[in-house]
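Worksheet: the structure to be examined is printed underneath.
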Amino acid sequence: MTATFVGMPAFPEAARTALADTQLRHNLAHATTTIRDKRARVVAEVADWEDLRVAGAAIKDATLADLEHHLVQLEAAITAAGGTVHWARDAAEANRIVADIAKAHDADEVVKVKSMVTQEIGLNEALAAEGIAAWETDLAELIVQLGDDLPSHILVPAIHRNRAEIRQIFREHMAAAGRPAPDDLTDDPAELAGAARLHLREKFLRAKVAVSGANFAVAETGTLVVVESEGNGRMCLTLPEVLVSVVGIEKVLPTWQDLDVFLRLLPRSSTGERMNPYTSMWTGVTPGDGPQEIHVVLLDNGRTNALADEVGRQALRCIRCSACLNVCPVYERVGGHAYGSVYPGPIGAILNPLLHGVGSDPQTDSLPYASSLCGACFEVCPVRIDIPEVLVDLRAQVVDAHRGDRRPKAESLAMKATGAAFGSARRLALGEKVAGLAGRMLNRESRPPGGSAWTGARDLPVPARESFRSWWKRTQR
Amino acid sequence: MSAREEILRRVREATAGVEAPTRPALADSGPVSVDLFADRVADYRAVVERCTTDQLPERVAAAVEGRVVVPAGLGVEVADAIDDDQLTAAELDRIDTVVTEARVGIAETGTIVLDHGPGQGRRALTLVPDRHVCIVRADQVVADVQDALALLDHARPLTWISGPSATSDIELDRVEGVHGPRNLHVLLVED
């Protein structure tokens with residue numbers, strides 16, 4: 001696989017390219033409208049939905065406040081149940097651990113359950129560099145992998161592809177990866193799914209090592225939970241001899257009963273179903289059933305940075321449902337690739353800067369601005385992450401991080417000028433006079449020179465001919 | 001410093017002085033409705049048949065197709081069925097139907113939970129064959145997720161099943177049947 005998010009341009013530039021792609025915009029509009037309607041229908045069925053959201057947020061916040069205790073408890077419970085726990089500070093360390101486990105079993109391939117975290121750490125590429133093939137088994141991930149493409153949605157990574165494009169990808173690329181697509185394959189979704197079933201089955205039946213993430217990890221019991229739809233997850237979690245699960249440290253829940261709230265919130269928010277087709281729960285090793293060697297890699301990779309951010313730490317409540325993507329007017333138009341990360345959309349616009357830190361990379365610094373702050377994301381978030389609040393705070397952090405820049409941004413110059421003008425009554429009066437003069441010369445279509453980046457998409461009101469203060473002076477004498 | 005110590009140190013520093021909020025109590029789930037369970041399971045385009053214990057053997061016989069495998073401890077006789085004696089995945093792949101019981105049914109979400117105890121078999125058994133005939137007794141049905149969790153033993157592997165295998169990955173259009181059983185046939189037994 002050669003496709004990569006590394007070196008992606010900043011959001012405004014990437015968005016311009018995406019907006020020019022009419023096929024992409026059509027595919028996205030169709031998909032997001034469908035999923036929004038489904039979600040709204042099943043959420044409306046739950047009388048105490050708002051109570052559930054509040055409970056979900058509170059459980060996550062309480063867990064994060066005492067995260068060290070819960071992580072230590074989780075480690076002890078997994079170990080007691082026969083599993084092995086590893087800790088990874090960053091992507092490279094996690095990838096090293098997974099590769100070493102595969103090599104210890106002489107595996108030259110692994111099958112993978114769809115997982116955001118293994119995409120975040122670039123596991124497939126790291127394993128490929130060690131001569132280990134990582135096969136994605138989720139249908140959308142398979143479409144992305146076969147097409148040497150990048151994911152553009154958390155739940156449906158191939159949301160930018162329509163059925164005709166998927167048929168084309170299967171016809172052209174399945175043969176090189178294993179069982180070829182049938183010659184008479186049409187673009188009927190059921191037939192396309194059938195082709196994926198046949199293509200992947202031989203991989204499931206022979207794989208010795210599987211890699212997964214986890215939606216939840218229960219500290220008191222050591223139980224890991226994976227929710228899915230297709231059964232590819234069950235295949236990976238059940239048939240191979242060895243299972244490695246890479247789990248972000250924020251995935252922990254304190255108690256078994258806490259699963260209740262999240263198993264009710266997640267499917268309705270995510271796929272718009274009362275419950276997803278399959279949920280697997282396992283606690284260590286069960287003799288005679290499933291993998292007999294279980295590894296769990298607990299990953300930081302920037303999560304403790306986010307945790308230290310007073311406003312931003314709420315982003316760690318995220319359960320990766322992707323409801324915020326589906327309602328976002330910006331995401332709906334530009335799609336996921338423009339965000340330059342495996343985490344796109346509103347949650348990506350806060351999560352990426354929080355994980356990586358602001359001030360070092362123009363692409364990351366552009367993300368908090370990739371929003372109109374309309375607030376639709378907050379309204380649908382099942383764990384009440386106030387994304388607009390975090391976006392605004394991150395914008396301030398980006399500005400602060402660039403205060404010492406040798407070439408200040410236009411916005412920073414404008415703010416300085418405004419600050420100077422408002423700082424003294426005399427300067428303000430002078431400014432008002434100039435603006436009044438300009439107001440007399442300009443008509444509504446005019447644009448102030450040098451301001452086109454702002455006025456390209458907005459109307460700038462023509463300044464009043466007379467300021468309030470001069471009117472006051474004139475009429476009150 | 002080991003990765004473990006370093007991560008825990010960073011966590012400790014990041015959360016210093018952070019207060020845990022109190023959790024609001026949620027309402028208990030309402031009364032159990034077996035009718036709701038049947039409706040919600042059927043809503044996933046699974047087949048739901050209601051029958052009595054006496055009718056069960058003939059209903060099972062009518063629901064199975066091709067080669068049939070059964071787990072140890074199944075409470076109903078299935079003619080010509082193969083007993084699961086640690087069949088390999090490849091052997092399971094040549095079997096058409098599996099018949100099992102379940103641990104609990106959840107009415108609100110139309111979910112069946114297997115804990116892979118007697119009569120349910122190990123996890124691969126209900127995964128590889130393309131048709132799953134699942135027997136649920138009406139007295140196993142609970143109202144909602146919290147009631148199911150209270151009954152389930154976390155130490156056992158658990159599989160929650162809500163309808164047949166499905167995907168929405170192509171234009172968010174739901175298609176039944178990818179890797180798990182494409183046909184789910186639920187026999188709901190009430191006397």
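Numbered from 1 within each chain, the chains take letters A, B, ... in sequence-line order. Computation of the quantities below employed the complete heavy-atom set of this structure, encompassing side-chain atoms and omitting hydrogens, waters and symmetry-equivalent molecules.
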* Structure fact -> Whatever's closer than 4.5 Å to a heavy atom in chain A on Thr126(B) counts as both

* Quick check: are there more than 12 heavy atoms from other residues, nucleotides or ligands sitting under 6.0 Å from CG of Asp191(B)? -> yes

* Tell me, out of Glu310(A), Glu273(A), Glu230(A), Lys38(A), who's got the most heavy-atom pairs with chain B below 4.5 Å. => Glu230(A)

* Structure fact -> The interface call for Val11(B) against chain A, heavy-atom contacts under 4.5 Å, is both

* To do: Under 4.5 Å heavy-atom distance to chain A, tell me which part of Val113(B) shows up: side chain, backbone, both or neither.
  => neither

* Asked: Would you find more than 12 non-hydrogen atoms of other residues, nucleotides or ligands less than 6.0 Å from Glu50(A) atom CD?
  -> yes

* Which bit of Thr271(A) is near chain B, if near means a heavy-atom gap under 4.5 Å: side chain, backbone, both or neither? -> neither

* Taking 4.0 angstrom as the limit, do Arg264(A) and Asp48(A) come out as a salt bridge? -> yes

* Residue selection (most heavy-atom pairs with chain A, distance under 4.5 Å) from Asp169(B), Leu92(B), Leu114(B), Asp93(B) -> Asp169(B)

* Flag, side chain of Glu191(A) to backbone of Asp188(A), donor-acceptor distance under 3.5 Å -> no

* Which atoms of Asn276(A) approach chain B - backbone, side chain, both or neither, heavy atom under 4.5 Å -> backbone

* To do: Name the region of Leu152(B), side chain, backbone, both or neither, that has any atom closer than 4.5 Å to a heavy atom of chain A.
  => both

* Asked: Checking Thr111(B) against chain A: side chain, backbone, both or neither under 4.5 Å from a heavy atom?
  -> side chain

* **Heavy-atom proximity to chain A below 4.5 Å, by part of Leu26(B)** => side chain

* Asked: Do you know which of Asp309(A), Thr32(A), Leu52(A), Asn232(A) has the most heavy-atom pairs under 4.5 Å to chain B?
  -> Asn232(A)

* To do: Check each atom of Ile249(A) against the heavy atoms of chain B and say whether the ones under 4.5 Å are side chain, backbone, both or neither.
  => side chain

* To do: Indicate yes or no for a side-chain donor-acceptor contact from Asp96(B) to the backbone of Gly66(B) under 3.5 Å, with no hydrogens or angles considered.
  => no

* Glu6(B) with Arg4(B): basic N within carboxylate O range, under 4.0 Å -> no

* To do: Side chain from CB out, backbone as N, CA, C, O: work out which of these in Ala88(A) comes under 4.5 Å of a heavy atom of chain B, or both, or neither.
  => backbone

* Asked: Who among Ala20(B), Ala14(B), Gly110(B) has the most heavy-atom pairs with chain A under 4.5 Å?
  -> Ala14(B)

* Residue part contacting chain A, namely of Glu19(B), when any heavy atom lies under 4.5 Å -> backbone

* Can Arg167(A) and Asp187(A) be said to form a salt bridge (charged side-chain N to carboxylate O under 4.0 Å, His left out), step by step? -> CA-CA 5 Å; Arg167(A) 171 180 178 269; Asp187(A) 65 1; over 6 Å; no

* Decide, yes or no, whether a salt bridge links Arg123(B) with Asp289(A) under the criterion of side-chain N to carboxylate O below 4.0 Å. => yes

* **Part of Glu45(A) lying under 4.5 Å from any heavy atom of chain B** => side chain

* Asked: Which answer fits Asn27(A), side chain, backbone, both or neither, if we ask what part of it has an atom under 4.5 Å from a heavy atom of chain B?
  -> neither

* Under 4.5 Å heavy-atom distance to chain B, tell me which part of Asn301(A) shows up: side chain, backbone, both or neither. => neither

* In terms of heavy-atom proximity below 4.5 Å to chain B, should Asp66(A) be classed as side chain, backbone, both, or neither? -> neither

* Side chain, backbone, both or neither: which part of Leu239(A) has a heavy atom under 4.5 Å from chain B? -> side chain

* Determine the option with the most heavy-atom pairs under 4.5 angstrom with chain A, choosing from Ile106(B), Asp147(B), Val175(B). => Val175(B)

* Contacting moiety of Glu93(A), where chain B heavy atoms sit under 4.5 Å -> side chain

* Please flag which part of Pro181(B) lies under 4.5 Å from any non-hydrogen atom of chain A: side chain, backbone, both or neither. => both

* Glu108(B) with Arg40(B): basic N within carboxylate O range, under 4.0 Å -> yes

* Asked: If you measure from CD on Glu65(B) to CG on Asn183(B), what distance do you get to the nearest 0.5 Å?
  -> 7.0 Å

* Short N-O contact, Lys208(A) and Glu241(A), less than 4.0 angstrom -> no

* Note: Arg274(A)-Asp43(B) ion pair, threshold 4.0 Å (strictly below) -> yes

* Among Val136(B), Leu56(B), Val76(B), whose side chain to side chain contact (heavy atoms under 4.5 Å, CB included) with Val189(B) holds? -> Leu56(B)

* Asked: What part of Ile166(A) is in contact with chain B, defined as an atom under 4.5 angstrom from a non-hydrogen atom: side chain, backbone, both or neither?
  -> side chain

* To do: Answer with side chain, backbone, both or neither: which region of Thr88(B) has an atom nearer than 4.5 Å to a non-hydrogen atom of chain A?
  => neither

* **Contacting moiety of Glu228(A), where chain B heavy atoms sit under 4.5 Å** => neither

* Is Asp35(B) salt-bridged to Arg50(B), going by a charged N under 4.0 Å from an acidic O? -> yes

* Structure fact -> Most contact-rich option vs chain A, by heavy-atom pairs under 4.5 angstrom, among Thr167(B), Leu127(B), Ile161(B), is Leu127(B)

* With a 4.5 angstrom heavy-atom cut-off, could you sort out which part of Arg313(A) is near chain B: side chain, backbone, both or neither? => side chain

* Asked: Salt-bridged, Arg23(B) to Asp61(A), with N to O below 4.0 Å?
  -> no

* Would the number of heavy atoms belonging to other residues, nucleotides or ligands and lying under 6.0 Å from CD of Glu13(B) be above 12? -> yes

* Judged by atom type as modelled, is there a donor-acceptor pair below 3.5 Å linking the side chain of Arg303(A) to the main-chain atoms of Gly248(A)? -> no

* **Which portion of Leu71(A) sits near chain B, non-hydrogen atoms under 4.5 angstrom** => side chain

* Asked: Looking at Pro277(A), Gly284(A), Pro189(A), Ser280(A), which has the largest count of heavy-atom pairs under 4.5 Å with chain B?
  -> Pro277(A)

* To do: Could you look at Arg9(B) and say if it's the side chain, the backbone, both or neither that has a heavy atom under 4.5 Å from chain A?
  => neither

* For the residue pair Glu75(A) and Trp87(A), confirm or rule out a side-chain donor-acceptor distance under 3.5 Å. => yes

